[in-house]
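Working notes, structure below.
Keep in mind that this is a model prediction, so the values were computed, not measured. Note that these values count all heavy atoms, side chains included, but never hydrogens, waters or copies made by symmetry. Just so it is clear: chains get the letters A, B, ... in the order the sequence lines come, proteins before strands, and each one is counted from 1.
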Amino acid sequence: MKDLKRIEIIDLLQGRATLEIGKEICVKGWVRTKRGNKSIAFIALNDGTIIHNIQVVVDLSKFDEDLIKRITTGACIRANGTLVESMGQGQSVEIQATEIEIYGEADVDTYPLQKKGHTLEFLREIAHLRPRTNTFGAIFRMRHAMAYAIHKYYNDKRFFYWHSPLITASDCEGAGEMFQVTTMDLNNIPKTQDGKIDFSQDFYGKQTALTVSGQLEGELGAMSLGKIYTFGPTFRAENSNTPRHLAEFWMIEPEMAFYDLNDNMDLAEDFIKYCVKYALDNCKDDLEFLQNMYDKELIERLNFVVENDFIRLKYTEAIDILLKADQKFEFPIDWGTDLQSEHERYLVEKHFKKPVILIDYPKEIKAFYMKQNEDGKTVRAMDVLFPKIGEIIGGSQREESLEKLMKRMDEMGVPKEEMSWYLDTRRFGSAPHSGFGLGFERLLLFVTGMSNIRDVIPFPRTPKNADF
RNA sequence: UCCUCCUUAGCUCAGUUGGUUAGAGCACAUGACUGUUAAUCAUGGGGUCCUAGGUUCAAGUCCUAGAGGGGGAGCCA
């Protein structure tokens with residue numbers, strides 16, 4: 001078989017390569033469908049570079065019958081052939097095959113992917129094969145594009161990519177049950193004399209767990225490099241079984257010195273709009289597919305978010321709106337308690353019909369590190385609420401006063417001794433600063449139009465599921 | 001974790017009041033067709049009715065428990 005340099009299908013279909021009709025080329029990829037009759041076969045070939053397939057046309061009189069028979073849905077092949085203008089509808093160019101090699105067959109009786117008709121639930125059970133479908137190809141290409149857009153956005157704004165540790169010994173990073181990390185023999189756990197677990201014999205010499213947030217270490221970066229962001233995996237051991245929660249997810253956490261809450265909101269809004277705009281500009285084919293298959297208003301909704309300002313609203317004002325709302329809620333509206341999902345949805349989807357940034361929450365329902373307002377009752381927190389997915393960002397201006405911060409830690413029972421490294425930021429050269437966390441998969445839910453977070457990460461980790 | 005719904009062929013689903021041999025579409029196999037687009041047409045093979053108990057002359061169908069999954073809620077990103 002002639003040794004030709006492989007051309008990626010995206011280059012064939014989008015004309016990025018210098019190609020001419022009549023030239024002999026080579027493509028490699030996985031067979032999506034094969035159809036035809038006694039004398040001719042059409043193979044739809046996909047190599048993952050783009051959602052569209054290249055059509056390989058096979059004149060059966062020129063090929064061994066057994067070879068063609070072994071080319072089935074899912075098989076991987078290499079094909080040499082002449083690039084020609086298509087005689088059929090549906091594609092502009094196709095390949096008239098001259099030689100075909102099968103890299104790997106896919107047994108028709110056991111290969112689980114078919115030409116049609118799979119539910120997202122079924123595909124979740126074969127997560128190792130689902131990237132070969134149109135849907136998950138589109139989603140994971142977009143996942144990459146969003147990750148790239150995030151790095152580009154912050155790099156262009158002179159933020160530094162900062163690596164907070166994934167293993168941590170502080171158990172007060174924020175809300176959330178933690179996954180313990182240990183090298184101790186669980187069948188023979190060392191005990192101290194008073195019968196407690198002796199963590200001094202563990203790998204780090206103390207009790208450790210996977211991080212639930214890189215924020216506290218992120219603040220150390222901001223108080224030195226000025227503007228940083230983290231972008232890495234985050235672990236929460238909560239028994240959450242919802243379409244919006246994962247036990248292992250990715251989070252982006254920018255942290256900025258000299259930013260007050262307004263600067264923080266400006267950044268959050270600009271950042272999300274940039275990412276959505278990036279998807280619109282760079283993922284057109286994948287977006288159109290997802291729109292056709294899953295969400296008829298997807299592109300319209302993305303454009304709407306890019307073009308319209310987010311509503312900015314104080315918690316207290318939100319309570320007033322909800323109290324006057326012409327709608328019955330299951331849960332009572334009461335100043336001082338956190339808003340329920342139904343309340344957030346009312347504000348975002350019914351009242352404003354726009355993304356909403358809620359600020360100045362009661363201090364009792366927010367974390368210890370948030371800057372206290374002068375009213376003594378609220379803190380400079382902000383939650384960005386999106387239609388369908390709810391909270392996509394949570395953040396705040398941080399309390400920079402050592403005295404106020406320590407007082408709040410005492411009130412909330414946060415141990416100051418273990419946190420002395422954190423308090424040093426306030427002890428030495430403290431400064432106003434702010435930051436937030438954006439759930440990467442929740443952003444992906446929004447830009448892909450998917451409705452279950454397990455479908456926007458290759459191998460979802462949830463309670464009772466760590467397959468693959 | 002709570003509420004609720006679901007589990008029947010490889011996949012998606014139907015299955016009447018508890019009653020004979022559990023059906024369809026797609027997929028697959030064979031055949032037909034010189035250009036298909038989820039190709040079409042004909043024929044054919046294919047079942048632990050989620051699991052374990054129970055009620056009954058008789059259970060895919062009713063009851064109990066369990067497992068897995070969906071949706072909603074809580075926790076949050």
Side-chain angles (χ1 to χ4, degrees), chain A residues 32-44 52-61 69 72-74 84 86-91 94 96 106-126 133-134 174-177 212-215 230 233-253 268 293 329-331 337-345 365-367 383-386 389-395 436-446 451-457 462-465 467:
Chain A
R32 287 292 169 77
T33 68
K34 186 182 71 175
R35 51 182 174 263
N37 53 41
K38 256 277 162 55
S39 61
I40 189 167
F42 302 93
I43 298 166
H52 305 299
N53 307 319
I54 187 77
Q55 177 158 276
V56 177
V57 185
V58 183
D59 181 346
L60 295 178
S61 66
K69 216 170 181 179
T72 57
T73 299
V84 296
S86 179
M87 292 162 62
Q89 304 289 312
Q91 60 277 318
E94 62 193 18
Q96 194 73 46
D107 178 54
V108 293
D109 292 328
T110 49
Y111 185 63
L113 287 173
Q114 298 164 10
K115 296 179 188 181
K116 59 189 267 186
H118 293 303
T119 59
L120 294 171
E121 288 82 7
F122 172 70
L123 292 170
R124 243 170 252 156
E125 294 170 10
I126 50 165
T133 63
N134 287 332
E177 291 295 311
V212 294
S213 166
Q215 179 202 318
T230 71
T234 308
F235 308 89
R236 305 251 169 112
E238 253 109 29
N239 191 11
S240 294
N241 294 290
T242 85
R244 295 180 301 281
H245 291 85
L246 292 166
E248 176 184 313
F249 65 101
W250 288 64
M251 186 156 64
I252 299 99
E253 295 181 286
M293 297 298 289
F329 296 111
E330 187 185 345
F331 294 91
T337 60
D338 213 350
L339 298 181
Q340 303 289 321
S341 281
E342 56 172 347
H343 304 144
E344 295 180 350
R345 293 183 72 121
I365 58 174
K366 289 294 181 182
D383 283 1
V384 181
L385 308 177
F386 259 49
I389 49 181
E391 184 179 347
I392 193 170
I393 279 180
F436 61 81
L438 175 130
F440 184 50
E441 284 78 15
R442 290 193 180 170
L443 175 68
L444 285 170
L445 281 179
F446 185 73
S451 50
N452 192 313
I453 202 162
R454 298 173 179 104
D455 295 331
V456 295
I457 187 167
T462 52
K464 298 270 155 55
N465 177 23
D467 290 341

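- If you check every strand for non-hydrogen atoms under 4.0 Å, A:Leu246 touches a base.
- One finds no side-chain N or O of A:Thr33 lying less than 4.0 angstrom from the OP1 or OP2 phosphate oxygen of B:A38.
- Taking only side-chain nitrogens and oxygens, A:Asn239 comes nearer than 4.0 Å to OP1 or OP2 of B:U1.
- Taking atom C1' in both B:G47 and B:U8, one finds a spacing of 8 Å when rounded to whole Å.
- For the pair A:Lys38 and B:U34, the criterion of a side-chain N or O lying under 4.0 Å from OP1 or OP2 is not met.
- Going from the P atom of B:C63 to that of B:U7 covers 13 Å, rounded to whole Å.
- Here A:Gly88 lies in heavy-atom contact (under 4.0 Å) with a base.
- For B:G74, one of the phosphate oxygens OP1 or OP2 lies less than 4.0 angstrom from a side-chain nitrogen or oxygen of A:Gln340.
- As rounded to the nearest Å, B:C62 and B:G45 have C1' atoms that lie 34 Å from one another.
- Taking the side chain as every heavy atom from C-beta outward, A:Arg32 and A:Asn134 approach each other to under 4.5 Å.
- In a base pair of the Watson-Crick type (N1 to N3 plus N6-O4 or O6-N4) or a G-U wobble (N1-O2 and O6-N3), with each distance short of 3.5 Å, B:U1 is matched with B:A73.
- With a cut-off of 3.5 Å on both Watson-Crick or G-U wobble distances, the partner of B:G44 is given as B:C28.
- Side-chain atoms of A:Thr242 and A:Ile453, non-hydrogen and from C-beta on, never get closer than 4.5 Å to each other.
- Residue order along RNA chain B, read from the 5' end via each residue's closest nucleotide, puts A:Asp109 first among A:Ile393 and A:Asp109.
- You'll find the side chain of A:Ile126 stays beyond 4.5 Å of the side chain of A:His118, heavy atoms only.
- Stacking annotation: A:Phe440 is not stacked on the base of B:A77 (requires ring centroids less than 5.5 angstrom apart and an interplanar angle below 30 degrees).
- Contact annotation: side chain of A:Glu238 to base of B:G74, donor-acceptor pair absent below 3.5 Å.
- Pairing for B:C13 is with B:G23, a Watson-Crick or G-U wobble pair whose two hydrogen-bonding atom distances lie under 3.5 Å.
- Shown here, B:U36 forms no base pair; nothing in the strands shown gives a Watson-Crick or G-U wobble contact with both key distances under 3.5 Å.
- The phosphate of B:G31 has neither OP1 nor OP2 within less than 4.0 Å of any side-chain N or O from A:Asn37.
- Comparing the same atom, C1', in B:C49 and in B:G23 gives a spacing of 12 Å after rounding to whole Å.
- When the P atom is compared between B:U56 and B:G44, the two are found 43 Å apart, to the nearest whole Å.
- Side-chain to base pairing of A:Asn241 with B:U1: one donor and one acceptor N or O lie within less than 3.5 Å of each other.
- Atom pair A:Ile126:CD1 and B:G10:C1' shows a separation of 11 Å (rounding to whole Å applied).
- A:Ser240 contributes a side-chain N or O that forms a donor-acceptor pair with the base of B:C75 under 3.5 Å.
- B:U64 and B:C6: their P atoms are spaced 14 Å apart (whole Å).
- Put simply, CG on A:Leu113 is 11 Å from C1' on B:G10, counting in whole angstrom units.
- Taking only side-chain nitrogens and oxygens, A:Lys34 never comes nearer than 4.0 Å to OP1 or OP2 of B:G35.
- Within 4.0 Å (heavy atoms only), A:Glu248 reaches no atom of the nucleic acid at all.
- Residues A:Ile457 and A:Glu248 share a closest heavy-atom pair of CD1-O, 3.9 Å.
- Across all strands shown, A:Met251 has heavy atoms under 4.0 Å from sugar-phosphate atoms exclusively, and none from any base.
- Look at the C1' atom in both B:G69 and B:G53: the space between them is 23 Å, to the nearest Å.
- Contact of A:Arg244 with B:C75 (side chain to base): no donor-acceptor pair of N or O atoms is detected under 3.5 Å.
- Taking the side chain as every heavy atom from C-beta outward, A:Phe249 and A:Arg236 approach each other to under 4.5 Å.
- Nucleic acid contact for A:Glu94: base, since at least one base atom lies under 4.0 Å from a heavy atom of the residue.
- Remark: aromatic rings of A:His343 and A:Phe331 are distant, center separation not under 6.0 Å.
- Of the P atoms belonging to B:C57 and B:A73, the separation is 47 Å, rounded to the nearest Å.
- Note on A:Arg124: only backbone sugar-phosphate atoms sit closer than 4.0 angstrom, heavy atoms only; bases stay farther off.
- Side-chain contact between A:Glu342 and A:Arg345 is absent, with no heavy atoms from C-beta onward closer than 4.5 Å.
- Between the NE2 atom of A:His118 and the C1' atom of B:G10 there is a distance of 9 Å, rounded to whole Å.
- RNA chain B is contacted by both A:Gln91 and A:Glu391; A:Gln91 maps to the nucleotide lying nearer its 5′ end (nearest heavy atom per residue).
- The phosphate of B:G69 has neither OP1 nor OP2 within less than 4.0 Å of any side-chain N or O from A:Arg454.
- Counting to the nearest Å, the C1' atom of B:U1 and the NZ atom of A:Lys464 are 10 Å from each other.
- Across all strands shown, B:A67 pairs with B:U7; the Watson-Crick or G-U wobble distances both stay below 3.5 Å.
- Side chain A:Gln89 to base B:U36: no donor-acceptor pair is found below 3.5 Å.
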